[in-house]
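Worksheet: one structure, shown below.
In what follows, chains are A, B, ... by sequence order, proteins preceding strands, each numbered from 1. If you're wondering where the values come from, they're calculated on a predicted model, not measured in any experiment.
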There are 2 protein chains.
Amino acid sequence: MEHSVTSENLALDRQGLHQIVVDRLRKLIVEGRLEAGSRINEKALCEQLQISRTPLREALKVLANEKLVELLPNRGAKVVLLSDREIAEAFEVMARLEAISGELACERITQPELDEIHALHYEMLACYTRKDLPGYYDINMRIHALISKAARNELLQDLYQRVNFRIQSLRFRSNFDETEWAESVQEHTELLEALTKRDGARAAAVLHLHLTKKQRKLKL
Amino acid sequence: MEHSVTSENLALDRQGLHQIVVDRLRKLIVEGRLEAGSRINEKALCEQLQISRTPLREALKVLANEKLVELLPNRGAKVVLLSDREIAEAFEVMARLEAISGELACERITQPELDEIHALHYEMLACYTRKDLPGYYDINMRIHALISKAARNELLQDLYQRVNFRIQSLRFRSNFDETEWAESVQEHTELLEALTKRDGARAAAVLHLHLTKKQRKLKL
DNA sequence: TTGGCCAATTTTGAATTCAAAATTCACACG
DNA sequence: CGTGTGAATTTTGAATTCAAAATTGGCCAA
């Protein structure tokens with residue numbers, strides 16, 4: 001192995017083991033692979049992730065701060081299970097954050113970014129036509145993430161992501177019937193229009209409504 | 001000692017040592033007693049706080065997640081020093097969050113809460129008259145916190161606090177001349193008016209402007 | 001003196017250890 | 001049968017340990 005250095009130093013350790021664990025665990029939670037409400041056993045998780053308890057416990061404390069897990073004194077951690085009220089609050093905040101992002105994005109988005117969103121929009125239409133729901137969800141999320149990014153405010157983007165982490169796992173609870181799906185697509189078309197015209201107020205309004213409707217589609 | 005239990009169990013440990021350390025450290029940072037940009041020595045802090053390194057390191061990771069400290073790989077932690085851009089972003093977000101809180105508070109605030117805000121407002125006027133700036137700051141913050149609370153959305157309140165932690169330490173950098181102080185007081189009076197009339201749009205507008213002006217008062 | 005190099009020391013990252021708390025489980029008793 | 005009790009086991013919280021990385025400080029040479 002001619003090129004190898006002392007220790008295979010691929011994964012240039014960004015910032016300590018704990019951060020890697022935070023990201024992996026958060027992904028597991030957000031994707032629903034770690035069930036909401038379920039207990040987290042430190043030993044078991046350590047073995048699964050092949051790490052010692054220290055970085056795992058550090059990660060759990062960070063995720064508790066993000067309110068993705070709950071720390072019970074002397075009784076370990078559990079994946080947070082949102083109450084109906086918390087879900088409603090998250091959507092109320094998300095609707096506002098998206099509206100703000102949309103408004104700011106109208107002022108600050110670049111043409112290449114706008115083009116990319118348009119491209120994604122067509123990809124999304126393709127998924128819609130094929131009734132490919134997972135693909136639709138994925139592209140939809142990427143569009144919203146790009147808008148958040150185009151608002152050119154990293155703190156706003158951070159808050160957006162934070163709230164998004166909370167509600168993303170709820171996508172399994174949304175029942176998209178044919179009519180509602182079509183409606184959602186229509187809203188996206190209007191959003192693109194507003195963005196293209198740099199009509200901030202309209203983009204904000206469309207996004208606020210879009211999120212409010214998304215909330216209504218949740219199964220209770 | 002007749003009443004004493006095995007171990008003096010006052011401070012009913014809310015939730016582990018690390019959380020206590022998080023709160024204490026955050027307070028030190030926000031109050032500026034831990035200088036922005038300064039290195040944090042684990043051993044020294046451990047001795048000062050009379051704890052071992054484990055809970056301190058857990059706390060540092062949480063605070064890094066809150067972006068109050070920065071973790072440098074293998075080189076320890078330092079208190080975050082905000083760039084001008086980050087400060088501008090924080091105020092941009094804060095202005096929006098306050099506006100949202102004000103708007104929602106108009107819909108949801110109770111009469112006792114409104115009364116308490118009025119009482120605080122008069123206390124604040126007293127501080128203003130006496131030119132008691134620390135007292136003014138303190139009451140001012142409590143008024144804004146109450147409005148955030150009256151919005152009846154814990155997640156929104158959490159985001160509000162998070163952003164507030166970031167910019168609170170900047171209060172040392174604001175130069176309040178006589179005119180500006182008077183102006184600020186006037187804005188508060190208008191805010192109270194809007195709240196009393198439950199005029200959400202107006203409360204939002206006043207708060208947005210209030211924050212924007214606050215930002216302009218910062219020394220660069 | 002100044003600059004560079006290497007050993008000694010300090011500091012960090014993460015695993016391990018140890019005590020305290022909670023949980024499990026067997027068994028006696030009603 | 002179901003229920004309460006307590007010892008054994010597991011799990012958690014936090015200190016300690018240990019290796020790796022960074023920093024410091026001294027020494028030598030230019």
Side-chain angles (χ1 to χ4, degrees), chain A residues 4-26 28-29 34-35 37-66 68-80, chain B residues 4-26 28-29 34-35 37-66 68-80:
Chain A
S4 79
V5 202
T6 44
S7 74
E8 303 299 333
N9 205 0
L10 299 178
L12 55 152
D13 47 303
R14 311 184 259 170
Q15 188 182 206
L17 200 41
H18 88 278
Q19 187 56 51
I20 295 170
V21 177
V22 165
D23 291 339
R24 274 192 72 176
L25 272 184
R26 184 166 45 214
L28 288 175
I29 293 171
L34 234 52
E35 200 187 3
S38 64
R39 277 290 299 323
I40 290 173
N41 183 298
E42 290 182 6
K43 193 151 154 287
L45 248 186
C46 284
E47 284 164 12
Q48 190 151 25
L49 302 179
Q50 299 277 20
I51 52 171
S52 78
R53 281 177 62 219
T54 304
L56 174 62
R57 297 178 105 268
E58 290 167 345
L60 287 174
K61 263 121 197 161
V62 169
L63 292 171
N65 185 251
E66 290 186 7
L68 290 178
V69 312
E70 194 181 350
L71 255 34
L72 312 155
N74 288 317
R75 317 179 70 253
K78 53 160 51 182
V79 180
V80 156
Chain B
S4 80
V5 202
T6 44
S7 73
E8 304 298 334
N9 205 358
L10 299 178
L12 55 151
D13 48 302
R14 310 184 259 168
Q15 186 181 212
L17 201 40
H18 90 279
Q19 186 57 50
I20 295 170
V21 177
V22 165
D23 291 339
R24 274 192 72 175
L25 273 184
R26 185 165 45 214
L28 288 176
I29 293 170
L34 235 53
E35 201 187 2
S38 64
R39 279 287 302 328
I40 291 172
N41 183 298
E42 290 182 6
K43 194 152 152 288
L45 249 186
C46 284
E47 284 164 12
Q48 192 153 22
L49 302 179
Q50 299 277 21
I51 53 170
S52 78
R53 280 177 63 220
T54 304
L56 173 63
R57 298 178 103 268
E58 289 167 346
L60 287 175
K61 263 121 197 161
V62 170
L63 291 171
N65 186 251
E66 291 186 6
L68 289 177
V69 311
E70 194 181 348
L71 255 33
L72 312 155
N74 287 319
R75 319 177 72 251
K78 53 160 47 182
V79 180
V80 156

> Which pair of heavy atoms, one from B:Ala59 and one from B:His18, lies closest together, and at what distance?
Replying inline: CB-O, 3.9 Å

>> Rounded to the nearest 0.5 Å, what separates atom CD in B:Glu42 from atom OG1 in B:Thr54?
In response: 9.5 Å

> When the distance from CD1 of B:Ile51 to P of D:dT16 is rounded to whole Å, what number comes out?
Replying inline: 12 Å

>> Please tell me if A:Arg53 has a side-chain N or O lying less than 4.0 Å from either OP1 or OP2 of C:dA14.
In response: no

> Would you say D:dT11 has OP1 or OP2 under 4.0 Å from some side-chain N or O of A:Asn41?
Replying inline: yes

>> Does a side-chain N or O of A:Arg39 approach OP1 or OP2 of D:dT12 to a distance below 4.0 Å, or not?
In response: yes

> Just how far is it from atom CD of A:Glu58 to atom NZ of B:Lys61, taken to the nearest 0.5 Å?
Replying inline: 3.5 Å

> If only atom types and distance count, is the side chain of B:Arg24 paired as donor or acceptor with the main-chain N or O of B:Leu49 below 3.5 Å?
Replying inline: no

>> Does B:Glu58 reach a base, just sugar-phosphate, or nothing at all? Heavy atoms under 4.0 Å.
In response: nothing

> What is the distance from CD of B:Gln15 to P of D:dA14, rounded to the nearest Å?
Replying inline: 11 Å

> Taking atom P of D:dA14 as reference, at what distance in whole Å does atom CG of B:Leu56 sit?
Replying inline: 13 Å

> Which nucleotide in the set C:dT12, D:dT12, D:dA15 lies at the smallest distance from any side-chain heavy atom of A:Glu42?
Replying inline: D:dT12

> Are side-chain heavy atoms of A:Leu68 and A:Leu63 found at a separation under 4.5 Å?
Replying inline: yes

> Any donor-acceptor pair under 3.5 Å between the side chain of B:Thr54 and the base of D:dA15?
Replying inline: yes

> Can you tell me how far P of D:dT12 sits from NZ of A:Lys43, to the nearest Å?
Replying inline: 10 Å

> Taking atom P of D:dT12 as reference, at what distance in whole Å does atom CG of A:Leu72 sit?
Replying inline: 10 Å

> How long is the line joining CZ of B:Arg57 and C1' of D:dA15, in whole Å?
Replying inline: 13 Å

>> Rounding to an integer number of Å, can you tell me how far B:Lys61 NZ sits from C:dA14 C1'?
In response: 9 Å

> Nearest to the side chain of B:Asn74, which nucleotide is it out of D:dA14, D:dA21, C:dA22?
Replying inline: D:dA21

> Can you tell me how far P of C:dT16 sits from CG of A:Leu17, to the nearest Å?
Replying inline: 13 Å

> Which part of the nucleic acid, if any, lies within reach of B:Ile40 when heavy atoms closer than 4.0 Å are counted: base, sugar-phosphate only, or nothing?
Replying inline: sugar-phosphate

